[in-house]
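Only one structure is covered here, and it is reproduced in the block below.
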Amino acid sequence: MGLSDLRQVVEAFQLRIADLPELLTGLLQQVPAGKVTTYGDLAKALGDSVASRWVATWLLEADCPLGELSHRVVRSTGDIGLYFSGDVQQKIARLQAEGIEVTESKVNLKQHRFALTKGSMPLLELKGWQTNFVCRARPPVMLGDIRTIAGLDVSYAGNQGIAVCSRFDVDGKTLISHASICRPVSFPYITGYLAFRELPLHLELLATMQEEGTLPDLLLVDGNGRLHPRRLGIATMLGALAGIPTIGIAKKRICGTIANDLPEVGVWEPIAASQTEPNDLLGYAILPHAKTKHPQYVSLGYGVDDHLMKTMVTRCFAGHRSPEPIHAADRESRRIASTIIATGA
DNA sequence: GCGACAG
DNA sequence: ATCTTGTCGC
């Protein structure tokens with residue numbers, strides 16, 4: 001892959017990512033006085049009901065930019081729900097002032113629900129991109145060809161995201177160096193869409209490392225690979241777009257079923273897609289050591305086979321819950337985030 | 001009512 | 001992920 005390729009990949013990727021807060025603002029502005037909508041309806045208008053949690057938390061932020069309109073958003077049951085001021089009576093009063101009857105903290109949705117005009121539905125588009133994404137084939141990386149591996153993680157300070165890539169020797173325990181980058185992030189965290197939030201940071205960081213000639217031969221990414229509702233977690237997408245072998249490492253399970261919830265230390269417990277698809281292997285749960293009851297969730301990213309994945313991840317386990325390269329990147333990115341907060345920049 | 005989903 | 005106080009233990 002040529003030297004300028006990663007810069008171009010970042011640019012092309014950025015163009016696909018919609019401004020969700022802005023689109024949500026436009027949707028809520030459709031709702032006139034005397035009408036209401038629901039968190040789920042707004043999420044569906046953005047293209048995926050899974051975003052309803054983000055819609056709700058965003059409208060509940062203390063400094064919510066839609067504070068003048070957010071009283072018109074209620075739960076799908078008709079329940080009033082919460083209000084950013086913390087005072088639900090204030091939300092009720094505003095609704096009543098707009099001519100909406102509130103009985104026992106509920107509104108009549110049949111009567112007042114506003115039919116939102118569906119726009120571009122950006123999440124539906126991104127979901128379709130994931131579903132139809134074709135990873136360019138490449139032979140799996142071989143153990144003997146790996147000289148350096150790295151962990152990739154992101155921390156946040158306000159709207160700033162700090163991505164860190166921590167390079168390690170192939171022994172999985174010797175830190176070589178950290179590389180970092182800091183950029184504003186506006187795409188929210190929505191289950192299944194993490195890549196659209198964090199991939200721009202990762203790709204820019206890797207582009208810089210590519211120019212310095214410090215790209216690692218294998219990346220451990222904080223997030224999932226194949227273990228994903230559409231089999232395309234951030235680790236897989238990153239690997240395929242950058243052309244670098246990757247493995248996904250998560251601390252919580254996003255989907256799938258595990259036969260044994262609490263595996264023995266060091267045992268690779270398979271995660272299947274579902275109980276009806278026991279042969280569709282998505283990844284593994286593994287307990288790094290006896291000190292914790294929380295397993296790591298490991299899945300194939302890109303350009304790596306099952307055996308090499310297990311070998312390298314096992315090699316990277318030391319005294320911590322996460323593999324050392326991920327742990328190092330996590331600590332370094334948090335350190336930089338605290339610096340940014342202390343400096344006020 | 002239950003189940004619950006990366007960062 | 002971040003927000004948060006003290007507390008338990010190596």
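FYI, side chains are in, hydrogens and waters are out, and symmetry mates aren't considered; it's all heavy atoms of this structure. Chain letters run A, B, ... following the sequence lines, proteins first and then strands; every chain starts at 1.
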Go through the steps for A/K310 and A/D306 under the test salt bridge (Lys or Arg N to Asp or Glu O under 4.0 Å), then give the verdict.
CA-CA 6 Å; A/K310 289 172 175 168; A/D306 209 75; 3.1 Å; yes

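- Ring planes of A/Y193 and A/F196: tilted class, angle from 30 to 60°.
- Here A/L23 contributes atom CG and A/L42 contributes atom CG; the two are 12.0 Å apart, rounded to the nearest 0.5 Å.
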Test salt bridge (Lys or Arg N to Asp or Glu O under 4.0 Å) applied to A/D330 and A/K251, step by step:
CA-CA 12 Å; A/D330 177 64; A/K251 298 168 203 69; 5.7 Å; no

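- The line from CE of A/M309 to CG of A/L220 is 11.0 Å long, rounded to the nearest 0.5 Å.
- Summarising the geometry, the separation between CG on A/L201 and P on C/dA1 is reported as 15 Å, rounded to the nearest angstrom.
- Taken together, the pairs of DNA chain B form no segment extending over three or more consecutive Watson-Crick or G-U pairs closer than 3.5 Å at both contacts.
- Cation-pi geometry between A/R94 and A/Y83 is not met at under 6.0 angstrom from the ring centre and within 45 degrees of the axis.
- Remark: of the listed residues A/V31, A/N108, A/L95, A/L95 is the sole one forming a side chain to side chain contact (heavy atoms under 4.5 Å, CB included) with A/V36.
- If you take CZ on A/R231 and CG on A/L282, they are separated by 4.5 Å, rounding to the nearest 0.5 Å.
- A/R7 and A/T208 are linked by a side-chain donor-acceptor pair at a separation below 3.5 angstrom, with hydrogens and angles left out of the test.
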Each nucleotide in nucleotides 1-7 of chain B should get exactly one letter: B, S or -. Can you fill that in based on protein heavy atoms under 4.0 Å?
----BBB

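- Each of A/K291 and A/S155 lies near DNA chain C, and the nucleotide nearest A/S155 is the one positioned closer to the 5' end.
- Look at CD1 on A/I336: it is 13 Å from P on C/dT2, rounded to the nearest Å.
- For the pair A/R315 (side chain) and A/V170 (backbone), a donor-acceptor distance under 3.5 Å is present.
- Listed by first residue number, the stems of DNA chain C with at least three Watson-Crick or G-U pairs below 3.5 Å amount to none.
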